[in-house]
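The structure appears below as structure tokens.
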2 protein chains.
Amino acid sequence: MALQIATGALVECGDCPIRHRAVCARCETDELSTLEHMKYYRGYEAGQTIVWSGDRMDFVASVVSGIATLTQTMEDGRRQMVGLLLPSDFVGRPGRNTAAYDVTATTDVVMCCFRKKPFEDMMRKTPHIAERLLEMTLDELDAAREWMLLLGRKTAREKIASLIAIIARRDASLHLRPVGGNLAVTLPLTREEMADYLGLTLETVSRQISALKRDGVISLEGKRQVTIPDFDRLVEEAGDDNDGGMLA
Amino acid sequence: MALQIATGALVECGDCPIRHRAVCARCETDELSTLEHMKYYRGYEAGQTIVWSGDRMDFVASVVSGIATLTQTMEDGRRQMVGLLLPSDFVGRPGRNTAAYDVTATTDVVMCCFRKKPFEDMMRKTPHIAERLLEMTLDELDAAREWMLLLGRKTAREKIASLIAIIARRDASLHLRPVGGNLAVTLPLTREEMADYLGLTLETVSRQISALKRDGVISLEGKRQVTIPDFDRLVEEAGDDNDGGMLA
DNA sequence: CGCTGGCTTGAATCAAATCAAGATAAGTGG
DNA sequence: CCACTTATCTTGATTTGATTCAAGCCAGCG
């Protein structure tokens with residue numbers, strides 16, 4: 001039962017919190033007002049499945065708030081998360097009408113949706129949208145490839161450190177804080193979801209988080225609140241080329 | 001020393017073997033003739049590095065013939081292949097000027113190159129190119145995500161079976177043969193390269209190939225020539241949802 | 001209260017890595 | 001043509017990092 005939650009009074013594209021990062025980022029005022037008329041908001045509760053893999057999908061959308069995940073499942077139940085969708089991320093593929101992955105709301109989520117057909121037409125007429133979508137897709141491809149290195153070659157400890165570092169970076173870029181000395185982040189995922197993302201079991205995730213805490217790389221307030229006393233140390237533990245992309 | 005190999009008499013875009021799959025696939029005759037004047041061929045010998053990660057890259061290109069790989073390397077030498085480039089695949093990212101990965105020729109390779117700046121200008125003027133590039137990038141993203149499932153959740157045996165199945169599929173789609181009963185493929189990679197692709201060691205790759213052979217899933221002529229008596233059996237061993245994408 | 005879901009921790013097991021030796025094949029130069 | 005080198009691959013023995021199986025903790029909640 002697709003219970004919808006309040007989508008609030010969001011209407012003006014000009015005031016949209018994801019205005020400058022979403023697929024519409026490059027649009028001019030007139031283009032924006034066209035989108036304004038096409039769009040509709042939809043809310044999903046934490047835990048709710050937004051789309052099932054294989055289902056017909058007649059819309060595309062941007063995540064406005066909240067966090068969603070993309071996961072693949074094998075017949076015997078093994079699961080691998082293949083994407084983490086944060087505000088401004090795009091869902092759905094123009095030119096395909098069934099979903100390739102399960103999309104699940106991890107927190108309450110609000111999405112800015114467009115019916116697929118009109119959106120595709122608009123895209124053809126509006127290079128700004130296609131351009132931005134290409135750029136976003138290339139970024140996602142890079143992220144996926146970085147994740148391939150993590151999944152294929154990193155140890156459990158490095159995987160956990162990498163995940164925390166990535167969440168911290170995204171968090172910082174969203175709130176425009178520098179990732180410097182002492183900083184705190186909230187893990188948006190359960191241990192099991194982290195395991196699905198990292199290609200581990202939830203027990204291993206738990207153990208490695210405990211180990212990083214024991215070794216003073218992180219400290220914990222409760223189970224979700226992480227403080228990072230020394231970000232460089234964390235990045236080192238992640239095994240990354242430590243420049244690690246202060247992206248534009 | 002960037003020794004170039006003969007690039008042959010390829011000149012006419014109309015006769016190009018990758019005409020219908022490459023980034024230029026959707027171009028009209030006039031657009032094609034513009035590209036015709038911009039393009040230049042370049043050859044690389046097997047084993048040669050085409051670009052180093054981090055290097056300035058002032059061109060983009062399509063693979064015309066041969067096979068190249070994209071790999072990431074950690075400081076301590078651990079390597080993960082993040083892409084396998086076959087004829088018609090695109091190399092380089094418009095809007096970025098340094099390479100994100102090492103690109104290496106696995107066999108002798110011929111590439112159809114464009115200097116980046118003119119190509120970007122052309123892209124802005126020619127929606128057909130941007131459109132096709134978006135489509136290709138979305139396909140690559142899907143492939144990367146499929147690979148994430150493999151890297152994160154599959155066993156060594158499943159990984160090997162998956163790799164062989166994928167190579168067989170691509171091979172068939174390139175030569176327009178159906179992937180039916182009995183078919184043969186040549187592995188385009190050494191055991192070590194397979195290991196880098198699959199997130200394994202070369203010893204494990206060797207052992208699992210032997211095991212698949214012992215169990216009659218495949219048979220070998222030499223080290224590279226693989227015959228697949230029953231493709232469905234192979235797909236089953238790969239742990240895939242056996243429909244497995246007879247892509248358009 | 002007494003659950004229930006999320007998490008932690010321990011002990012045993014196992015799949016793949018590592019370490020090590022040799023086999024096979026393809027040059028290369030005397 | 002043959003000895004020598006080198007690259008690639010196979011196979012075996014051992015080790016190890018992560019999984020599996022199992023128990024119990026903790027916070028929130030009906």
Side-chain angles (χ1 to χ4, degrees), chain A residues 45-48 69 74 76-80 104 106-107 150-164 186-215 218-226 237 239, chain B residues 45-48 69 74 76-80 104 106-107 150-164 186-215 218-226 237 239:
Chain A
E45 288 192 315
Q48 209 183 331
T69 62
M74 295 171 69
D76 63 4
R78 280 175 282 175
R79 290 161 55 81
Q80 177 63 51
T104 312
T106 283
T107 63
L150 177 144
L151 290 171
R153 293 302 184 195
K154 288 190 178 180
T155 64
R157 168 181 262 245
E158 288 170 334
K159 286 179 175 181
I160 298 289
S162 300
L163 179 64
I164 296 174
T186 307
L187 299 173
L189 303 172
T190 65
R191 300 291 185 260
E192 186 171 20
E193 286 166 331
M194 289 187 240
D196 283 345
Y197 203 10
L198 298 170
L200 296 171
T201 60
L202 70 93
E203 293 97 328
T204 301
V205 169
S206 183
R207 272 186 251 278
Q208 295 301 333
I209 289 180
S210 299
L212 287 176
K213 178 180 158 191
R214 189 165 49 247
D215 300 346
I218 57 171
S219 58
L220 289 177
E221 256 72 71
K223 289 143 195 316
R224 297 291 196 100
Q225 239 359 59
V226 176
E237 291 285 355
Chain B
E45 288 192 314
Q48 208 183 331
T69 62
M74 295 171 68
D76 63 3
R78 280 176 281 174
R79 290 161 56 83
Q80 177 64 52
T104 311
T106 282
T107 63
L150 176 143
L151 291 171
R153 295 302 184 196
K154 288 191 176 177
T155 64
R157 168 181 263 244
E158 287 169 336
K159 286 178 175 181
I160 298 288
S162 300
L163 179 63
I164 297 173
T186 307
L187 300 174
L189 304 173
T190 65
R191 301 290 186 262
E192 186 171 21
E193 287 166 331
M194 289 188 238
D196 283 346
Y197 203 9
L198 299 170
L200 296 171
T201 60
L202 69 93
E203 293 95 327
T204 302
V205 169
S206 183
R207 272 186 250 279
Q208 294 302 332
I209 289 180
S210 300
L212 287 175
K213 178 180 161 192
R214 189 165 49 248
D215 299 348
I218 59 172
S219 58
L220 289 177
E221 257 71 71
K223 287 145 194 316
R224 299 290 198 99
Q225 228 15 48
V226 175
E237 291 284 357

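Every chain is numbered from 1 and lettered A, B, ... according to where its sequence line falls, protein lines coming before strand lines. Reckoned from all heavy atoms, side chains included, excluding hydrogens, waters and symmetry mates.
- With hydrogens and angles ignored, the 3.5 Å screen pairs a side-chain donor or acceptor of B/Glu158 with a backbone N or O of B/Thr155.
- Using a 4.0 Å cut-off, some side-chain N or O of B/Thr201 falls inside it from OP1 or OP2 of C/dA17.
- If you check distances only, the side chain of B/Arg153 never reaches the base of D/dT19 with a donor-acceptor pair under 3.5 Å.
- Counting any heavy atom pair closer than 4.0 Å across all strands shown, B/Thr190 reaches sugar-phosphate atoms only and no base atom.
- End-to-end axis angle of the helix from C/dC1-D/dG30 to C/dG30-D/dC1, from C1' rotation axes over five pairs per end: 20° (rounded to 10 degrees).
- A/Leu200 comes within 4.0 angstrom of sugar-phosphate atoms only, judged by non-hydrogen atoms across all strands, and of no base.
- Side-chain N/O atoms of A/Thr204 include none lying less than 4.0 angstrom from OP1 or OP2 on D/dA18.
- Within 4.0 Å of A/Arg157, counting heavy atoms only, lies no atom of the nucleic acid at all.
- Within the 4.0 Å cut-off from OP1 or OP2 of D/dT11, at least one side-chain nitrogen or oxygen of B/Ser210 is found.
- You won't find any donor-acceptor pair under 3.5 Å spanning the side chain of A/Arg191 and the base of C/dG5, going by distance alone.
- Distance alone, capped at 3.5 Å, places no donor-acceptor pair between the B/Arg153 side chain and the A/Arg78 backbone.
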Below 3.5 Å between N/O atoms, which protein atoms pair up with nucleotides 27-30 of chain D? Just atom names and distances, please.
none

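- Counting distance only, with no hydrogens placed and no angle test, the side-chain atoms of A/Glu203 and the base atoms of D/dC21 include a donor-acceptor pair under 3.5 Å.
- Scanning atom types as modelled, one donor and one acceptor separated by under 3.5 angstrom connect the side chain of B/Arg207 and the base of D/dG12.
- Within 4.0 Å (heavy atoms only), B/Gly199 reaches sugar-phosphate atoms of the nucleic acid but no base atom.
- The backbone N or O of B/Tyr197 sits less than 3.5 Å from a side-chain atom of B/Gln80, completing a donor-acceptor pair.
- Atom pair B/Asp76:CG and C/dT18:P shows a separation of 11 Å (rounding to whole Å applied).
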